[in-house]
Amino acid sequence: MSVLNCITIKWGSLYSCEDVNKLFRGVKRHSQRDVRFICMTDDRHGLDPKIEALPLREEPYEERMRAEQVRHARKGALRKIAMFRPDLVKDIDGPMLVLDIDVLITGDV
């Protein structure tokens, strides 16, 4: 059975590392497979050591935007676009499940 690849993104202070850890534990608890869990973040402090942390890079579109637009983009879906970069994660075997931090896992994934 292949590994279940999951990724989420956390930046700023709206959600904590503990929120990411809860999501990770929920996925592990409700999966029959081994889980590879990845978090793109600007602060990995407090993440479960089994969670792979990727640095949250500034994307090219952010450089072209005015400062005001960048602040707004980071609060919305634009920041999530980076999760779909084909070169983001190395050695992926199988599909990647993209999860928001506020998702509650209640059944088999």
Side-chain angles (χ1 to χ4, degrees):
M1 191 178 296
S2 65
V3 172
L4 175 61
N5 300 292
C6 298
I7 190 167
T8 193
I9 185 171
K10 182 193 91 59
W11 74 91
S13 59
L14 182 59
Y15 294 99
S16 69
C17 286
E18 185 52 34
D19 293 317
V20 178
N21 293 339
K22 287 177 186 176
L23 179 59
F24 170 61
R25 289 190 301 263
V27 170
K28 282 188 60 83
R29 182 172 38 254
H30 293 290
S31 176
Q32 306 263 335
R33 306 187 223 178
D34 290 335
V35 173
R36 180 179 183 189
F37 199 92
I38 301 161
C39 179
M40 291 178 61
T41 184
D42 56 356
D43 180 14
R44 82 162 301 5
H45 181 74
L47 287 179
D48 185 299
K50 295 177 185 147
I51 296 174
E52 293 178 44
L54 293 178
L56 198 53
R57 314 186 310 202
E58 187 167 295
E59 295 297 320
Y61 61 81
E62 292 177 310
E63 294 170 10
R64 293 189 297 267
M65 298 171 80
R66 293 191 324 264
E68 180 181 322
Q69 291 172 315
V70 170
R71 280 195 298 277
H72 178 70
R74 287 185 177 161
K75 293 179 183 176
L78 271 181
R79 201 66 159 140
K80 294 179 182 179
I81 291 172
M83 288 193 293
F84 297 95
R85 293 175 53 145
D87 64 338
L88 179 67
V89 181
K90 307 294 185 230
D91 304 323
I92 288 293
D93 181 26
M96 177 75 77
L97 179 62
V98 178
L99 299 169
D100 283 340
I101 293 175
D102 59 353
V103 169
L104 179 63
I105 307 295
T106 61
D108 186 22
V109 291

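This is a predicted model, so every value here is computed, not measured. No hydrogens, no waters, no symmetry mates; every other heavy atom, side chains included, goes into these values.
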Locate the shortest heavy-atom distance separating [X] from [Y]; write the atom from each residue and the value.
X   : Y   : answer
G46 : C17 : C-CB, 3.7 Å
V27 : C6  : CG1-SG, 3.7 Å
T41 : A53 : CG2-CB, 4.4 Å

Quiz item: Would you say D34 has more than 12 foreign heavy atoms packed within less than 6.0 Å of its CG?
Solution: no
Quiz item: With the 4.5 Å side-chain cut-off for hydrophobic clustering, are W11 and M40 part of the same group?
Solution: yes
When rounded to the nearest 0.5 angstrom, what distance separates [atom1] in [X] from [atom2] in [Y]?
X   : Y   : atom1 : atom2 : answer
L54 : I9  : CG    : CD1   : 10.0 Å
R33 : L4  : CZ    : CG    : 5.5 Å
K28 : L23 : NZ    : CG    : 13.0 Å
L47 : D19 : CG    : CG    : 11.0 Å

Quiz item: Partners of R36 by side chain to side chain donor-acceptor pair (under 3.5 Å), sequence neighbours excluded?
Solution: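 For R36 the side chain to side chain donor-acceptor pair (under 3.5 Å) partners, ignoring immediate neighbours, are E52.
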Show the atom names and distances, to 0.1 Å, of all donor-acceptor pairs under 3.5 Å that link a side chain in residues 99-109 to residues at least two apart or in another chain.
unit_1, atom_1, unit_2, atom_2, d
D100, OD1, K80, NZ, 2.8

Quiz item: When you look at R44 and C39, which way does the side chain to side chain contact (heavy atoms under 4.5 Å, CB included) test go after all the steps?
Solution: CA-CA 8 Å; R44 82 162 301 5; C39 179; over 6 Å; no
Quiz item: Excluding sequence neighbours, so at least two apart, what forms ring-ring contact (aromatic ring centres under 6.0 Å, His included) with F24?
Solution: F37
Self-check item: side-chain contact (heavy atoms from CB on, under 4.5 Å) involving E18 - partner list, sequence neighbours excluded
Solution: S16, N21, K22, R25
Quiz item: T8 and side-chain contact (heavy atoms from CB on, under 4.5 Å): which partner among V98, I38, V20?
Solution: V20
